[in-house]
Amino acid sequence: MAGRKLQAPRGTFDVLPDDGAARRELYRRAGSVLGRYGYRPFETPVFEDTDLFARGVGESTDIVRKEMFTFEDRGGRSLTLRPEGTAGVCRAYVEHGMHKLPQPVKVWYWGPFFRHERAQAGRYRQFSQVGTEALGSDDPTLDAESILLLAELLEAAGVREVRLRLASLGGIEARAAYLDRLRGFLREREGELSEDVRDRIDSNPLRAFDADHPGTRAAMEGAPRLLDHLAPDDAEHFAEVRALLDGAGLSYDVDPTLVRGLDYYTRTVFEFESARLGAQSGVGGGGRYDGLVEQLGGPATPGVGWAAGIERILLAGDGKLGGFPAPVYVALAGGDRRAAFALATALREAGVRTELEQAGRSLKGQLKHADRLGAKAVAIVGEEIEWKDMATGEQRPVNNVAEAVRIAVGLDA
Ligand code: ATP
Ligand code: MG
């Protein structure tokens, strides 16, 4: 009996070969841009102790409250598939005593992340992020550099119609005082707020700025703004970050309503959006998290970083990533399979992308297939080898494998 058809779980997807090529190319370009800025590759496990995210991302965030894939291992320990990358990098920084290395430590990562969200275009339950972290310095050039780096990466990926929103959340103390003021403001207007926002007046009042609920949005128009209540050194830090970006010629909108979905941010926060994405407009974002390492049991260590969604970069991109050079096609015309195989092998060893007839087609079928593959030439193996140039249609005999390889390499040059 035939088995039931299986499907990938909801919110996940298969990367089919065309997309696979684009992702590879994006990875290559990302690595090249990141390397130029002095960031080095870093990997952490795909699952971590649940406690890391509860402490590192924040109990009151959407991510921890409702988006984590959490499970018990056979020993009864609670583990979670990582929903974001910063907490794991900070955990590793502490675990390996990386504060003893020359600072800042600058790393980047690329890999899968997991959030139990409502799946839709650009929003999945398993998705991929590329991200950076720079730990061990609060120098504003690191904030500016992170932002420029992401701008450059998006440019290299062909993402257009990009807008950069920028704000500062200030330091922990001034922020605490501000949050009390905001809570007072929200309590006076409880009746106008969504249930979700009302429930989180104590735990996470900043989320009120992020609400879609019309009543909440209207009420928030008159809300006190954190940017107007920065402590002097935080205001100075933010001014310096802006001056550095101005100097680099990168345009941005200062947006006092920008809040990020993670609790750990301090000072600089930013987000890149693309008009090409529709509702899921965020391509990538990040900011400074000067208290996080200490919160995870390490020494007081400032840090700044960002993450960007690979799938959203590709959705917002110009579709020109990836692809391979046109191949040479080795066709069989009554000739010897072993001779054809040997020719294909010789071409491949010489660095020529080569396809070989492997499905028993007629010669006519093979030429059609070669055309479909965009082959630049077909080597027809019969009694002898014929070389057909697909651009000119010209066909001529070649003496041997070595000559065929010479012609093919010449086409690539
Ligand atoms: P959103 O507002 O779209 O939910 P977010 O604020 O939760 O995004 P971050 O946690 O900052 O996103 O993650 C950085 C980037 O990762 C996002 O800008 C987006 O490109 C990507 N991303 C986040 N969640 C998903 C998801 N569920 N599916 C695909 N990409 C995602
Ligand atoms: Mg989200």
Side-chain angles (χ1 to χ4, degrees), residues 8-15 19 23 26 30 46 53 56-58 60-69 80-90 108-133 146-147 149-151 153-154 157-159 161-167 169 196 200 204 206-212 255 257-265 268-289 292 303-317:
R10 182 189 302 265
T12 69
F13 55 87
D14 300 304
V15 176
D19 286 341
R23 292 168 78 98
L26 179 57
V46 162
F53 302 114
V57 178
S60 72
T61 60
D62 276 349
I63 291 181
V64 172
R65 277 164 38 121
K66 47 192 186 197
E67 294 176 1
M68 296 206 304
F69 282 95
T80 293
L81 296 180
R82 60 183 189 183
E84 60 91 57
T86 304
V89 172
C90 290
W108 69 280
Y109 58 84
W110 168 296
F113 292 86
F114 306 84
R115 295 184 193 177
H116 199 284
E117 306 201 62
R118 212 159 60 82
Q120 52 201 294
R123 190 177 294 287
Y124 313 101
R125 292 183 177 176
Q126 176 176 340
F127 56 101
S128 302
Q129 288 184 336
V130 55
T132 66
E133 315 294 350
S146 303
I147 295 170
L149 171 53
L150 180 50
L153 195 158
L154 294 176
V159 178
E161 298 175 65
V162 178
R163 173 179 172 228
L164 166 59
R165 294 157 71 210
L166 180 67
L169 300 178
D196 208 41
R200 279 193 275 179
N204 195 355
L206 277 179
R207 290 304 282 183
F209 284 110
D210 219 12
D212 292 328
D255 182 352
T257 70
L258 177 62
V259 284
R260 312 254 325 128
L262 305 108
D263 274 357
Y264 50 61
Y265 286 115
T268 313
V269 287
F270 59 93
E271 192 157 270
F272 284 86
E273 299 173 342
S274 169
R276 294 212 189 149
L277 284 177
Q280 272 38 263
S281 63
V283 192
R288 187 162 272 292
Y289 46 85
L292 180 58
V304 59
W306 52 259
I310 303 305
E311 292 78 24
R312 291 201 200 163
I313 290 178
L314 293 172
L315 280 170

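It should be emphasised that the depicted structure is a prediction, and the values quoted were computed from it without experimental measurement. Counting convention: from 1, in listed order, for ligands and their atoms alike.
Contacts with ligand 1 closer than 4.0 Å are made by side-chain heavy atoms of Gln129 only, the backbone lying farther away. Of the heavy atoms in Tyr124, both backbone and side-chain atoms come closer than 4.0 Å to ligand 1. Residue-level proximity to ligand 1 for Val283 is carried by the backbone, the only part with a heavy atom below 4.0 angstrom.
Using a 3.5 Å distance cut-off with no hydrogens or angles, the side chains of Arg207 and Ser60 do not pair a donor with an acceptor.
Remark: ligand 1 and Ala307 share no N or O pair separated by less than 3.5 Å (distance only, no angle test). Polar contact check, Ile63 against ligand 1: no nitrogen or oxygen pair lies under 3.5 Å apart. Between Glu311 and ligand 1, a contact under 3.5 Å exists for no N or O pair.
Taking the six-membered ring for Trp and thresholds of 30 and 60 degrees, Tyr289 and Tyr264 have ring planes more than 60 degrees apart, a perpendicular arrangement. The aromatic rings of His116 and Phe69 are tilted relative to each other, their planes meeting at an angle between 30° and 60°.
Nearest to atom 31 (C) of ligand 1 by heavy-atom distance, out of Trp306, Phe272, Phe127, is Phe127. Remark: among candidates Glu67, Gln120, Glu271, Arg115, the nearest residue to atom 12 (O) of ligand 1 is Arg115, based on non-hydrogen atoms.
Ligand-side atoms of ligand 1 in range of Glu117: 24 (N), 25 (C), 26 (C), 27 (N), range being under 4.0 angstrom from any heavy atom. The Gly284 neighbourhood of ligand 1 comprises atoms 18 (O), with distances under 4.0 Å to a heavy atom of that residue.
Annotation: the span from Glu271 atom CD to Leu166 atom CG amounts to 11.5 Å, rounded to 0.5 Å. Put simply, CG on Asp19 and CG on Asp14 are 10.5 Å apart, with the number rounded to the nearest 0.5 Å. Glu117 CD to Arg125 CZ: the interatomic distance, rounded to the nearest 0.5 Å, is 9.0 Å.
Within the 4.0 Å heavy-atom shell around ligand 1 one does not find Glu84.
With hydrogens and angles disregarded, a donor-acceptor distance shorter than 3.5 Å links the side chain of Arg312 to the backbone of Gly282. Between the side chain of Arg115 and the backbone N or O of Pro83, at least one donor-acceptor pair lies under 3.5 Å.
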